[in-house]
J.: 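Attaching a single structure in structure tokens format; questions to follow.
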Amino acid sequence: MAKLNLELLLLISVCTTCLLVQPSSAQLRQNYYSKICPNVESIVRNAVTKKFQQTFVTVPGTLRLFFHDCFVNGCDASVIVASTASNKAEKDNSDNLSLAGDGFDTVIKAKAAVDAVTQCRNKVSCADILTMATRDVISLAGGPSYAVELGRLDGLVSTAASVNGKLPQPSFNLNQLNSLFAANGLSQTDMIALSAAHTLGFSHCNRFSNRIYDFGGRKGAIDPSLNKTYATQLQGMCPRNVDPDVAINMDPITPRTFDNIYFRNLQQRMGLFTSDQILADDSRSRPTVDTWAANSNAFNTAFIAAITRLGRVGVKTNTAQGNIRRDCSVFN
């Protein structure tokens, strides 16, 4: 009986966690704006495409912005809010300082395009615009297109302190990654699929320099899980005491294409971060990496499912929790 009660208690605690993570996600739906702002998806897509034509950084910048937003207080565009004299906002936490300005600009320009239509003005949330823009940049980079669930409100709180401990770090092992994603209602499969966002974009040298110089405190040592030829290339692009603004592509093969080459790189020990390479090195995650390295359609399907679930995390759908910001960077 005691064992049964313990199992019941565990079940209740797990379900309670699920409710905390995704309290109102059931209210999200496709075509949410069909009567409110019927052309919103094409308006956003056109604005994102125009921004993409100006700079490719639009793609990884927007995608990363979505991830960093959803992992802290849910998908509520709180990461876009600017700090004020009385409040240091999420975007100014040290973990968010490397977010590309082009990601923020993509959302701001898409919001302006939506609000330029009288019927739509102040009717579409910044959180939903970021969600649509993320789908659009993935498609523009050669990735899959998919239907987005909409109906999020913008959050009413954004603090730098709330970011601490909420974002995955380059040094994470599989247990740490799984724990952080599980806290957001996401499975190991979701985590591996979403990690493939590193098939796009760039990283600053200091995020992985510990792997190519004096690894483990041993002078001249290189992380043994790193391909030696690749490590030498990284040292050439990131010499010791390199300018901190220098950045390199996270995917050395197809850095401008959303594809499954990320997983093939891991098979060749060319994962830039420890948190990337561990996916191929740990026996619990390796089968998934191998499957998706061989089958791009299977990966695309899994990624769509994962990013859809990510988009449900901590959403606000009632006015006690959120509203629609007139300016994405400022609370109403």
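Because the structure is predicted, anything quoted here is derived from the model rather than measured.
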J.: Ser78 versus Val72: any side-chain heavy-atom pair under 4.5 Å?
T.: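 No. Closest side-chain heavy atoms not under 4.5 Å.
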
J.: Nearest 0.5 angstrom please: Asp128 CG to Ile324 CD1, how far?
T.: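 With rounding to 0.5 Å, CG (Asp128) is 8.0 Å from CD1 (Ile324).
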
J.: Going through the checks in order, is the side chain to side chain contact (heavy atoms under 4.5 Å, CB included) test met by Phe66 and Leu310?
T.: CA-CA 9 Å; Phe66 181 67; Leu310 175 61; 3.8 Å; yes

J.: Is there a donor-acceptor contact under 3.5 Å linking the side chains of Gln321 and Asn318?
T.: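 Yes, because at least one side-chain N or O of Gln321 sits under 3.5 Å from a partner of the opposite role on Asn318.
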
J.: Measure the acute angle between the ring planes of Phe208 and Phe273, then classify it against the limits of 30° and 60° as parallel, tilted or perpendicular.
T.: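 Tilted.
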
J.: Should Asn73 and Lys316 count as side-chain neighbours, where that means a heavy-atom distance under 4.5 Å?
T.: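 In contact.
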
J.: Hey, could you give me the OG1/CE distance between Thr232 and Met237, rounded to the nearest 0.5 Å?
T.: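 So the OG1 of Thr232 and the CE of Met237 are separated by 10.5 Å.
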
J.: Can you name the closest pair of heavy atoms from Pro168 and Phe181 and give their distance?
T.: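 Distance-wise, the nearest heavy atoms are CG-CE1, 4.4 Å.
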
J.: Does Val57 share a hydrophobic cluster with Leu272, counting links as ILVMFWY side-chain heavy atoms below 4.5 Å and allowing steps through other members?
T.: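 As far as the 4.5 Å side-chain criterion goes, Leu272 and Val57 are not connected within one cluster.
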
J.: Under 3.5 Å, is there a donor-acceptor pair between the Glu41 and Asn31 side chains?
T.: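 No, because no side-chain N or O of Glu41 sits under 3.5 Å from a partner of the opposite role on Asn31.
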
J.: Kindly say whether Ser275 contributes a backbone atom to a donor-acceptor pair with the side chain of Gln277 at under 3.5 angstrom?
T.: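 No, the answer is negative, given that no donor and acceptor are paired below the 3.5 Å cut-off.
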
J.: So which of Thr288, Asp282, Asn178 actually passes side-chain hydrogen bond (donor to acceptor under 3.5 Å, both in side chains) with Gln188?
T.: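 Exactly one option meets the side-chain hydrogen bond (donor to acceptor under 3.5 Å, both in side chains) with Gln188, and it is Asn178.
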
J.: Do Met270 and Ile253 pass the side chain to side chain contact (heavy atoms under 4.5 Å, CB included) test, and can you show the C-alpha distance, the side-chain angles, and the key distance before you say yes or no?
T.: CA-CA 10 Å; Met270 292 166 59; Ile253 309 300; 4.1 Å; yes

J.: Could you check whether atom CZ of Arg326 has more than 12 heavy atoms from other residues, nucleotides or ligands sitting under 6.0 Å from it?
T.: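 No.
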
J.: To the nearest 0.5 angstrom, please state how far the CG atom of Asp76 sits from the OG1 atom of Thr317.
T.: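 Going from CG on Asp76 over to OG1 on Thr317, the span is 12.0 Å.
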
J.: Taking all atoms of both residues into account, what is the closest heavy-atom pair of Glu149 and Leu28, and its distance?
T.: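 It is CB-CB, 4.0 Å.
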
J.: I'd like to know if the side chain of Arg264 and the backbone of Ala293 have a donor-acceptor N/O pair within less than 3.5 Å.
T.: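 Side chain of Arg264 to backbone of Ala293, a donor-acceptor pair under 3.5 Å: yes, one is there.
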
J.: Main chain of Gly142, side chain of Thr257: is a donor-acceptor contact present, judged purely on distance under 3.5 Å?
T.: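 No.
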
J.: Could you report the tightest heavy-atom contact between Ala197 and Phe67, atom names first, then the distance?
T.: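 Looking at all heavy atoms of both residues, the closest pair is CB-CZ, 4.0 Å.
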
J.: Is Asp214 salt-bridged to Arg240, going by a charged N under 4.0 Å from an acidic O?
T.: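 Answer for the salt bridge query: yes.
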
J.: Any heavy-atom pair between the side chains of Leu180 and Phe71 that's under 4.5 Å?
T.: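 Answer yes - side chains close enough.
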
J.: Let's go through Leu226 and Arg269 carefully: what are the C-alpha distance in whole Å and the side-chain angles of both, what is the deciding distance for side chain to side chain contact (heavy atoms under 4.5 Å, CB included) to 0.1 Å, and is it a yes or a no?
T.: CA-CA 5 Å; Leu226 195 58; Arg269 295 188 295 121; 5.7 Å; no

J.: Any ion pair linking Asp105 and Lys109 (charged N to carboxylate O, less than 4.0 Å)?
T.: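 Salt bridge present between Lys109 and Asp105.
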
J.: Per the side-chain contact (heavy atoms from CB on, under 4.5 Å) rule, which among Val79, Ile80, Asp69 passes with Leu99?
T.: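 So the option named by the test is Val79.
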
J.: If you measure only the distance, is there a donor-acceptor pair under 3.5 Å linking the side chains of Ser42 and Asn39?
T.: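 No donor-acceptor contact under 3.5 Å links the two side chains.
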
J.: State, to 0.1 Å, how close Arg256 and Leu200 come at their nearest heavy-atom pair, and which atoms those are.
T.: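 Closest heavy-atom pair between Arg256 and Leu200: C-CD2, 3.8 Å.
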
J.: When you measure from the side chain of Gln27 to the backbone of Gly151, do you find a donor-acceptor pair of N or O atoms at a distance under 3.5 Å?
T.: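 Flag not set: sc Gln27 to bb Gly151 has no pair under 3.5 Å.
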
J.: Backbone N or O of Met250 within a donor-acceptor pair of the Ser203 side chain at under 3.5 Å?
T.: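 Not at all, since once roles are kept as given, no pair shorter than 3.5 Å links the two residues.
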
J.: Measure the shortest side-chain to side-chain distance between Asp290 and Gln267 over non-hydrogen atoms and say whether it is less than 4.5 angstrom.
T.: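 Yes, their side chains come closer than 4.5 Å.
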
J.: Is there side-chain contact between Arg135 and Ser145, with at least one heavy-atom pair below 4.5 Å?
T.: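 Heavy-atom side-chain distance check passes, below 4.5 Å.
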
J.: Within this structure, what is the SG-CG distance for the pair Cys75 and Leu153, rounded to the nearest 0.5 Å?
T.: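 Answer rounded to 0.5 Å: 13.0 Å.
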
J.: Hey, are Asp276 and Tyr262 close enough side-chain-wise for a donor-acceptor pair under 3.5 Å?
T.: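 Judged by distance alone, the side chains do pair up.
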
J.: Establish whether Val59 and Ile261 are linked, either directly or via other cluster members, by ILVMFWY side-chain heavy-atom contacts under 4.5 Å.
T.: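 Different hydrophobic clusters.
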
J.: Is it the case that the side chain of Asp327 and the backbone of Ser329 share a donor-acceptor pair, with hydrogens and angles ignored and the cut-off at 3.5 Å?
T.: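 A pair under 3.5 Å: yes.
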
J.: Can a side-chain donor-acceptor contact be found between Asp190 and Ser187 if the only test is distance below 3.5 angstrom?
T.: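 A donor-acceptor contact under 3.5 Å links the two side chains.
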
J.: Starting at OG of Ser225, measure out to CG of Leu266 and round the result to the nearest 0.5 Å.
T.: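 Rounded to the nearest 0.5 Å, the OG-CG separation comes out at 10.5 Å.
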
J.: Between Ala306 and Leu194, which heavy-atom pair has the shortest distance, and what is it?
T.: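 So the two residues come closest at CB-CG, 3.8 Å.
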
J.: Quick check against the 3.5 Å criterion: does Asn260 have a side-chain atom that pairs as donor or acceptor with the backbone of Trp292?
T.: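 Yes, the answer is positive, given that a donor and an acceptor are paired below the 3.5 Å cut-off.
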
J.: Only one of Val157, Asp92, Thr159 clears side-chain contact (heavy atoms from CB on, under 4.5 Å) with Asn87; which?
T.: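 Considering Val157, Asp92, Thr159, a side-chain contact (heavy atoms from CB on, under 4.5 Å) with Asn87 is found only for Thr159.
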
J.: Keeping Thr274 on the side-chain end and Ser171 on the backbone end, is there a donor-acceptor pair under 3.5 Å?
T.: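 Answer holds: no.
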
J.: Are Val81 and Phe104 grouped together when hydrophobic residues (ILVMFWY) are joined by side-chain heavy atoms under 4.5 angstrom apart?
T.: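 Different hydrophobic clusters.
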
J.: Look at atom CG of Asn241 and say whether more than 12 heavy atoms of other residues, nucleotides or ligands are closer to it than 6.0 Å.
T.: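 Open: at most 12 neighbouring heavy atoms sit under 6.0 Å from CG of Asn241.
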
J.: Side-chain contact, heavy-atom cut-off 4.5 Å: Lys111 with Asn122?
T.: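 They are in contact (side-chain heavy atoms under 4.5 Å apart), so the answer is yes.
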
J.: Taking the side chain as every heavy atom from C-beta outward, state whether Thr106 and Leu65 have any atom pair closer than 4.5 Å.
T.: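 No. Closest side-chain heavy atoms not under 4.5 Å.
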
J.: Distance check, rounded to the nearest 0.5 Å: Lys91 atom NZ versus Asn96 atom CG?
T.: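 Reported value, rounded in 0.5 Å steps: 9.5 Å.
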
J.: Verify side chain to side chain contact (heavy atoms under 4.5 Å, CB included) between Gln53 and Thr49, making sure each step is shown before the conclusion.
T.: CA-CA 6 Å; Gln53 289 166 346; Thr49 301; 3.7 Å; yes

J.: Answer with yes or no whether the hydrophobic clustering places Phe202 together with Ile138; edges join I, L, V, M, F, W, Y residues whose side-chain heavy atoms lie under 4.5 Å apart.
T.: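 No, Phe202 and Ile138 fall in different hydrophobic clusters.
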
J.: Check whether any side-chain heavy atom of Thr58 sits under 4.5 Å from a side-chain heavy atom of Thr55, and report yes or no.
T.: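 Side chain of Thr58 against side chain of Thr55, heavy atoms only: contact under 4.5 Å found.
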
J.: Test of understanding: clusters of I, L, V, M, F, W, Y form through side-chain heavy atoms closer than 4.5 Å, transitively. Do Ile36 and Ile43 belong to the same one?
T.: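 Both belong to a single hydrophobic cluster.
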
J.: Between Asn265 and Tyr230, does any side-chain donor sit less than 3.5 Å from a side-chain acceptor?
T.: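 Their side chains do not contain a donor-acceptor pair, so the 3.5 Å distance test is not met.
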
J.: Of the non-hydrogen atoms in Asn184 and Cys70, which two are nearest, and what is the gap between them?
T.: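 Heavy atoms only, the tightest pair is OD1-O, 4.3 Å.
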
J.: Quick check against the 3.5 Å criterion: does Ser179 have a side-chain atom that pairs as donor or acceptor with the backbone of Asn175?
T.: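 No, because the side chain of Ser179 does not come within donor-acceptor range (under 3.5 Å) of the backbone of Asn175.
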
